[in-house]
> 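This structure is in C-alpha cells; I'll ask about it shortly.
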Amino acid sequence: MSSGGASHNKILIGLGLGALCGIAANALTQDAPRAKHVLDVAIDSVAHPIGQIFLRLLFVVVMPLVFASIAVGVSSLGDLKKLGRLGARTLFFFVLTSGASAVLGIAALHLVRPGSGFPPETIAELQAKYAGDVRSLAEKAAAGAPSDLLGRVNQILDMFLPRNILKAAVEMQMIPVIVFALVFGAALTLIERERRASMNTLLEALGDAMVTIVGFAMKLAPYAVFCLIFGVTARFGLGLLQKLGLYVVLILACYLIQLLVFYPVLLTLLARRNPWKFLKDAMPIMVTALSTSSSSATLPTSIRVAQESLGIRPQIAGFVLPLGATMNMNGTALFEGAVVLFVAQVFGIDLSLQQQLVVVGMCVLTAIGAAGVPGGSLPLLMGVMAQVGVPPDGIAIILGVDRVLDMGRTVINVMGDQICAAYIEAAETKRAAA
Ligand code: ASP
C-alpha cells in the first residue's frame, strides 16, 4: 500500500484549511457569545469525534505493532551481538542529537533574549489565567514520586521491567512493552530454527495487519486533520500569540534550523542520502505529527512510511522507530532548554554555565522519559526548572501557546527517529558490504 503523493497533498490541504477556518472562526466569535456557543457545540459534536476516530485508529495499533515489530526485528537479526551493536549505536545517536538540540535551544535564547523586559502585567495576567493548569501539571509531576530510596529504586525498575506485560500494555506504558519485546525477540533467536520461523511469520502478519489499519486511518486523514486543527485553532486564536510572539517565532525558527539544516547535514554525512528527497518522502509522517502532536500516535505511520518510501528495512525500522518514539525527542529537548532559559529571563534569573549544563543533561533525560502524547513533556519540564532554581510555576507564561509549539516539536521528534533509522540502515549496509 503506497502512501501516495495525492493523498498527502490532500492531508496538507486539510491542515491548511483547518487552520485558516479555525483562526477565522475564532476571530468572528470573539465578541459574540451566542456564536461562540454554537462554535463550541460544533467542535465538540462534529470536529472532535471525527478527529478522535482517526486518532484512535492510530493509537489502537501502537501496542501490538510495537511488540510485533521489535520482537520480529530482534529475532530476525539472528544474533545477540548484532542487537548489542544496533542498540548501542541507536542510544548513542539519541543522546547526542538530543543534547545538541538542547544546546541549540539555549543558545538561541541567549542570542535573542525574548524573555528580557517582558511586561510585568502580562506575567501576572498569564499566571492568574493558567494557575489551574499549572497545579494539575505539578500534581502529575509529583504523583507517585516516592521519597525514600527503596521506593525510588522500585520506581525505576517498574519503569523498565514489567511484572505484568498485559497491565503495562493496557496502561500504554511503552518502555516496559519495548523491553519485553526485546527480551522476547532475543529469546526467539535461541530456540529451534523452524519454530522461530513460524513465530516470526505470525508476528510479521500481525505487524502487516496493524500497518493496514493505519492505511484505513490515512484514508480518513484529510478530513480528520482538518477537524483536529480546526478544533485547536478555533479555541486558541491568535491573541496570545501576539504577546508571546518573539518566543514562539524563535522556537519555531529553531525547529526549522533543526529540520532544514541539522538533519540534512546528518542525512548527507551519516546516511549518504539526498536530504530533500528524504524530507519530501517523509511528508506523511510530518503531517501526522503536526496534526496529532503525539509521537506515539505517529509511530504506526512512521513505521509504514519508513519501510514503504524511505528504503529502511523492516528489522531496522521496527527496532529504531519504536525506541525513538519513546526515547528520542530532539524537539522536546530543544524546547525544554529554551523554556527554562525563557522563564529565567522573564524573572531576571541568571543561570551559571554549570547550571546550563545541568539543564542540557536534564533535557536529554527528560526527553527520554517524556510520554509521546500532547504536552507529555510539560510535567517533567517543571522538574527541570525546579532543579536549577527557576520557579516551576513560571511555566504558566507559556502554557497558552504551547499547543502550537507542541505540534512543531513533535515533527522534530519523529523526524529525529527517521534520521537515526536512516543512519543505522546505512551503517549496517556498509558493514554487510565490507
Ligand atoms: N508531544 C510530544 C511528542 O509526542 C511530547 C512533548 O514534548 O510534549 O513527541
> Evaluate the side-chain contact (heavy atoms from CB on, under 4.5 Å) criterion for residues Thr288 and Val305: first the C-alpha distance (whole Å), next the side-chain angles of each, then the deciding distance (0.1 Å), finally the verdict.
CA-CA 11 Å; Thr288 311; Val305 174; over 6 Å; no

> Applying salt bridge (charged side-chain N to carboxylate O under 4.0 Å, His left out), name anything that partners Arg313, two or more places apart in sequence or on another chain.
Glu425

> Does anything in residues 264-277 form a salt bridge (Lys or Arg N to Asp or Glu O under 4.0 Å)? List the pairs, not counting sequence neighbours.
Lys277-Asp281

> Listed by chain and number, what are the side chain to side chain contact (heavy atoms under 4.5 Å, CB included) partners of Pro33, not counting sequence neighbours?
none

> Under the side-chain hydrogen bond (donor to acceptor under 3.5 Å, both in side chains) rule, what pairs show up with a residue in residues 359-377, not counting sequence neighbours?
Glu336-Thr366

> Is there a side-chain contact between Asn26 and Thr233, using heavy atoms and a 4.5 Å cut-off?
no

> Is there a side-chain contact (heavy atoms from CB on, under 4.5 Å) between Tyr423 and Val320? Walk through the geometry before answering.
CA-CA 10 Å; Tyr423 155 61; Val320 174; over 6 Å; no

> Go through Met382 and Val134 one step at a time and tell me if the side-chain contact (heavy atoms from CB on, under 4.5 Å) criterion holds.
CA-CA 9 Å; Met382 290 180 79; Val134 171; 3.8 Å; yes

> So, do Ile303 and Ser69 sit near enough that their side-chain heavy atoms are less than 4.5 Å apart?
yes

> Which residue pairs pass the salt bridge (Lys or Arg N to Asp or Glu O under 4.0 Å) test with at least one member in residues 373-402, sequence neighbours excluded?
Asp402-Arg409

> So do the side chains of Ser291 and Leu15 get within less than 4.5 Å of each other, counting heavy atoms only?
yes

> Taking ring pair (Phe, Tyr, Trp, His ring centres under 6.0 Å) as the cut-off, I'd like each qualifying pair that reaches into residues 307-349, sequence neighbours left out, listed once.
Phe118-Phe342, Tyr247-Phe342

> Just wondering, are more than 12 heavy atoms of other shown residues or ligands nearer than 6.0 Å to CD in Glu121?
yes

> Could you give all pairs that pass the ring pair (Phe, Tyr, Trp, His ring centres under 6.0 Å) test and reach residues 264-305, with sequence neighbours left out?
none

> Checking Tyr263 side chain against Ile412 main chain: does a donor-acceptor pair fall under 3.5 Å?
yes

> For Ala371, what residues pass the side chain to side chain contact (heavy atoms under 4.5 Å, CB included) criterion, not counting sequence neighbours?
Val373

> Is the side chain of Thr29 donor-acceptor paired with the backbone N or O of Ala32 at a distance under 3.5 Å, no angle test?
no

> For Val95, what residues pass the side chain to side chain contact (heavy atoms under 4.5 Å, CB included) criterion, not counting sequence neighbours?
Val364

> Hey, does the side chain of Asn330 reach the backbone of Asn413 with a donor-acceptor pair shorter than 3.5 angstrom?
no

> Within the structure provided, determine whether Pro162 and Val177 are in side-chain contact (heavy-atom separation under 4.5 Å).
no

> Nearest heavy-atom pair of Tyr130 and Ala396: which atoms, and what distance?
CD1-O, 3.6 Å

> Taking side-chain hydrogen bond (donor to acceptor under 3.5 Å, both in side chains) as the test, write out the residues that go with Arg135, two or more places apart.
none

> What salt bridge (Lys or Arg N to Asp or Glu O under 4.0 Å) pairs are there with at least one residue in residues 84-98, not counting sequence neighbours?
Arg85-Glu428, Arg89-Glu428

> Within a strict 4.5 Å, meaning less than it, do heavy atoms of the Ile70 and Leu182 side chains meet?
yes

> Say you draw a straight line from OG of Ser293 to CG of Leu55; how long is it, rounded to the nearest 0.5 Å?
9.5 Å

> Taking the side chain as every heavy atom from C-beta outward, state whether Ile50 and Phe54 have any atom pair closer than 4.5 Å.
no

> Tell me, yes or no, whether the heavy-atom count around His110 atom NE2, taken from other residues, nucleotides or ligands under 6.0 Å, exceeds 12.
yes

> Check whether any side-chain heavy atom of Arg235 sits under 4.5 Å from a side-chain heavy atom of Asp40, and report yes or no.
yes

> If you define the side chain from C-beta out and look only at heavy atoms, does anything of Val358 sit under 4.5 Å from Leu351?
no

> Distance from Thr97 atom OG1 to Phe92 atom CZ, nearest 0.5 Å?
10.0 Å

> Indicate the atoms forming the closest heavy-atom contact of Val214 with Arg304, along with that distance.
CG1-CD, 4.1 Å

> Could you walk me through whether Met174 and Leu299 pass the side-chain contact (heavy atoms from CB on, under 4.5 Å) test, one step at a time?
CA-CA 12 Å; Met174 290 268 267; Leu299 178 61; 4.0 Å; yes

> If you count heavy atoms of other groups shown closer than 6.0 angstrom to CG of Asp148, is the number above 12?
yes

> Using the side chain to side chain contact (heavy atoms under 4.5 Å, CB included) criterion, which residues pair with Ser116? Sequence neighbours excluded.
Arg113, Gln345

